[in-house]
Structures are given as structure tokens and as C-alpha cells.
Amino acid sequence: MEKVSFDFNHIADLPAFYRAFDRQFAISEPYDANLDGLWRMVMSRLPLPVEIEFLHLTASKRRRFGELILLFDEAEEELQGKLHFNVQADGSGRRTVAQRAAPPTRR
């Protein structure tokens with residue numbers, strides 16, 4: 001299974017993610033650079049199977065890119081094992097989607 005990583009130390013916003021996505025998957029055909037267009041691309045044109053990993057996604061970045069995380073989480077469910085999606089936060093290792101969605105613990 002091919003593994004494709006996106007380093008959020010170098011991705012500041014959604015347009016930057018779309019550019020990185022196009023570059024990583026060598027997408028040359030035009031598509032709507034929004035969440036709907038990305039969904040169509042993920043569901044119909046990605047080379048499967050594939051593992052997609054988001055690196056350095058801190059808590060504030062998880063909030064900023066929450067819709068994107070949900071998109072890939074839903075795609076993972078829809079594609080039933082053909083797409084694996086992981087998020088790695090700084091210093092805390094990999095987390096599952098359930099752990100990402102849980103509210104932070106107050107001390």
C-alpha cells in the first residue's frame with residue numbers, strides 16, 4: 001500500500017493543502033478546489049489502496065482543518081479498507097479519529 005504524507009508544518013491553509021494534494025498524487029486534470037471537489041477526487045480518482053497521513057497536526061491545526069479531517073475519515077469508511085487515514089500530532093504519536101474528536105481533558 002502506498003503511503004502519502006502531508007506535513008502541516010508546511011501547509012498553512014486549505015488552498016495550500018489542495019496544492020500539496022495535487023502535487024503528491026500528480027493530479028493534472030482540473031477539479032473544484034473545495035471540499036466537494038476534493039471528495040469527488042478522493043472517491044473516484046485516487047490510486048487505491050493508499051494510506052494518507054497528516055503529520056504535525058497540533059490541536060489548533062486540527063480545529064483549523066477539522067472539515068478536511070472529517071472528509072478523509074468519511075472516505076476511509078466509504079472505501080472500506082482501500083484508504084487508511086492517520087493523524088500524527090506533535091509529540092503525542094498517532095491518534096485515532098475517535099481520540100481526535102474527543103474534547104480535551106481539563107486539568
Tell me the closest heavy-atom pair linking [X] and [Y], and the distance in Å.
X	Y	result
A89	R62	CB-NH1, 3.8 Å
R64	A12	NH1-O, 3.2 Å
F21	M41	CE2-CG, 3.8 Å

Hey, are the side chains of [X] and [Y] touching, using non-hydrogen atoms and a 4.5 Å cut-off?
X	Y	result
N86	F72	no
V42	I52	no
I69	L57	yes
F65	L70	no
F6	L55	no
E29	R45	yes

Q. Quick one: does Q24's side chain have a donor or acceptor within less than 3.5 Å of a partner on V4's backbone?
A. no

Q.
Under the side-chain contact (heavy atoms from CB on, under 4.5 Å) test against Y18, which residue among I11, L35, D32, I27 passes?
A. L35

**Q.** Residue pair H56, Q88: steps toward the side-chain contact (heavy atoms from CB on, under 4.5 Å) verdict
**A.** CA-CA 6 Å; H56 304 117; Q88 181 179 359; over 6 Å; no

Side-chain donor-acceptor contacts of residues 77-85 below 3.5 Å, not counting sequence neighbours, with atom names and distances?
{"residue": "H84", "atom": "NE2", "partner": "G81", "partner atom": "O", "Å": "3.3"}

Q: Under the ring pair (Phe, Tyr, Trp, His ring centres under 6.0 Å) rule, what do F17 and F54 come out as? Steps first, then yes or no, please.
A: CA-CA 11 Å; F17 176 81; F54 286 5; 5.7 Å; yes

Q: Please lay out, stage by stage, how F8 and L68 fare under the test side-chain contact (heavy atoms from CB on, under 4.5 Å).
A: CA-CA 12 Å; F8 281 81; L68 190 61; 4.2 Å; yes

Q: Output all residues satisfying side chain to side chain contact (heavy atoms under 4.5 Å, CB included) with P49, sequence neighbours left out; order by chain, then residue number.
A: M1

Q: Return each pair, listed once, that meets salt bridge (charged side-chain N to carboxylate O under 4.0 Å, His left out) where at least one residue sits in residues 4-27; pairs must be two or more places apart or across chains.
A: none

